[in-house]
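Report on the structure given below.
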Amino acid sequence: MINTGDILETISMIENEHLDIRTITMGISLLDCADSDVDSACSKVYEKITRLAKDLVKTGEEIEMQYGIPIINKRIAVTPISMLVASSGGDPIKYALALEKAAKAVGVNFIGGYSALVQKGFANGDEALINSIPEALSVTDRICSSVNIGSTKAGINMDAVKLMGTIIKKSAELTADRDCVGASKLVVLCNAPDDNPFMAGAFHGAGEAECVINVGVSGPGVVRSALSKIPDADITQIADTVKKTAFKITRMGQLVAGEASKRLNVPFGIVDLSLVPTPAVGDSVAHILEEMGLEQCGAHGTTACLALLNDAVKKGGVMASSHVGGLSGAFIPVSEDAGMIDAARSGCLKIEKLEAMTAVCSVGLDMIVVPGDTSEEVLAAIIADEAAIGMINSKTTAVRLIPAIGKKVGEEINFGGLFGKGPVMPLNTSSPAKFINRGGRIPAPLNSLKN
Amino acid sequence: MKAVVTVVGKDTVGILAKVSSVCAENGMNVEEVSQTILQDMFCMIMLVEAKGENTDFAKFSGTLKSEGEKMGLVIHTMHADVFDSMHHI
């Protein structure tokens with residue numbers, strides 16, 4: 001029989017420590033929906049998504065029930081819509097409405113892929129799509145949008161960086177009456193992965209198969225609880241404990257991914273080895289860092305603790321899954337993490353420290369509420385800084401900032417649900433306008449002579 | 001398929017009888033039982049296997065949960081594969 005201790009450990013992880021499968025995301029290629037007529041392309045998009053994903057939510061719920069594992073989100077990622085706009089022309093908002101309708105029809109809570117990849121330059125369709133993002137995010141509820149503006153191989157497209165500063169601001173302004181929620185569904189990436197199951201950056205890359213199942217796991221509470229059982233351990237033991245815990249968490253993700261892929265008759269893509277917090281107490285990445293011995297997240301030592309955590313999660317997870325991909329690592333979204341919210345409120349966690357943390361963990365400056373009067377150039381410059389970290393270190397970085405229109409430092413914004421709440425964080429307001437307005441491209445970096 | 005049923009709660013008369021009758025009604029064969037009483041808390045772990053082809057696992061797990069609540073017990077039912085994949089390489 002299975003060991004009693006193992007059984008009780010697994011049940012405690014799920015019941016008390018918020019272990020869950022964060023998302024089953026179906027990636028769907030829409031390349032064959034391209035059409036020279038925008039309306040006809042939209043109806044093909046709707047038909048294809050509702051055909052392939054019709055059983056996604058039902059299957060997710062069945063697995064949840066049968067295995068006793070909570071599966072929080074069922075989602076869809078599609079081919080970047082700018083590729084369809086390139087051949088159809090016309091108003092990109094029509095695609096947004098078709099995707100929204102399809103998402104509602106199949107019952108998923110988010111659909112990602114209202115995206116453009118412009119790391120080296122704008123092709124036909126890219127600028128039209130990007131300029132339509134603020135409106136698309138304000139007239140829909142379930143669409144997530146992402147724009148890749150840089151990569152290690154291509155450098156950084158500074159024209160796109162500048163444009164995205166404006167787009168983020170506009171997305172917040174158009175949804176100012178709804179806590180600026182538009183900006184929370186928009187992420188600007190460098191080195192965007194093609195197979196990421198997590199929103200808002202999920203899209204189905206052009207090199208992906210026709211239809212795949214990607215799974216993202218979660219379990220910061222489990223890691224914290226494991227560490228709390230070894231209060232006096234040295235760092236080597238801490239790293240080992242994180243590895244072992246990550247292995248177990250990921251095995252569960254692999255099991256669910258395999259089962260979902262079998263039942264839906266869709267190939268398994270990847271498991272994203274991630275520690276994803278939620279605003280719930282006991283589900284925080286910041287609290288893991290504090291468990292390692294920091295008074296509060298943001299203190300000196302935070303970057304080192306996060307580097308250790310991120311690396312150990314990957315080492316443990318890699319062996320547990322047959323294919324690993326996506327963003328894989330610890331996420332640090334400020335408004336979605338109870339410990340980060342507290343640290344930002346108390347002033348211990350500042351944006352400069354967050355930027356340093358993004359150099360050693362997955363993703364980047366995520367879900368950070370900034371003053372509503374922040375200039376577009378400052379927003380763009382934050383994107384440029386973050387993309388530079390990703391480009392030089394050959395890793396994914398992302399920026400998801402929410403300018404809180406009409407609010408100042410110290411006030412708060414509350415999105416509710418998984419997006420959480422957060423205080424408006426102060427920014428350095430010295431002007432980078434001349435740098436941002438120059439335009440052009442930052443050349444791709446050298447990959448040798450590393451210092 | 002095999003499932004692991006865990007039952008935790010205050011010890012009262014008839015827990016084992018109730019849980020095993022729900023198993024029988026749903027066509028689940030009880031393969032192994034291990035139980036302990038810590039102070040007056042009752043803890044039981046049961047390995048069960050579906051005998052029929054058409055066992056409705058969702059119904060089985062739902063019935064156990066609601067019957068457990070009536071008796072003040074927390075009953076958890078999980079597919080045995082979860083434990084196998086998590087704890088064995």
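Heavy atoms only: backbone and side chains are in, while hydrogens, waters and symmetry mates are out.
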Between A:Ile69 and B:His79, is there a side-chain heavy-atom distance shorter than 4.5 Å? no

Answer whether the closest heavy-atom distance between the side chains of A:Ile11 and B:Met78 falls below 4.5 Å. yes

Proximal component of A:Glu259, with respect to chain B [non-hydrogen, under 4.5 Å]: neither

If one checks every heavy atom of A:Glu9 against chain B at 4.5 Å, the contacting part turns out to be side chain

Is atom CE of A:Met319 surrounded by more than 12 heavy atoms (other residues, nucleotides or ligands) closer than 6.0 Å? no

If you count heavy atoms of other groups shown closer than 6.0 angstrom to CG of A:Asp234, is the number above 12? yes

Matching residue for B:Met86 among A:Thr10, A:Ile7, A:Leu255, A:Asp6 - test: side chain to side chain contact (heavy atoms under 4.5 Å, CB included): A:Thr10

Rounded distance [0.5 Å steps], [atom1] in [X] versus [atom2] in [Y]:
X	Y	atom1	atom2	result
A:Glu15	B:His76	CD	NE2	3.5 Å
A:Lys248	B:Phe83	NZ	CZ	12.5 Å
B:His87	A:Phe247	NE2	CZ	10.0 Å

Which heavy atom of B:Ala58 sits nearest a heavy atom of A:Met65, and at what distance? CB-CG, 3.3 Å

Could you check A:Leu8 against B:Ile45 for side-chain contact (heavy atoms from CB on, under 4.5 Å), going step by step and ending with a plain yes or no? CA-CA 9 Å; A:Leu8 296 177; B:Ile45 297 173; 4.3 Å; yes

If only atom types and distance count, is the side chain of A:Arg251 paired as donor or acceptor with the main-chain N or O of B:Ile89 below 3.5 Å? no

Measure B:Ser85 against the heavy atoms of chain A and call it side chain, backbone, both or neither at under 4.5 Å. both

With sequence neighbours excluded, tell me which residues meet salt bridge (charged side-chain N to carboxylate O under 4.0 Å, His left out) with A:Glu290. none

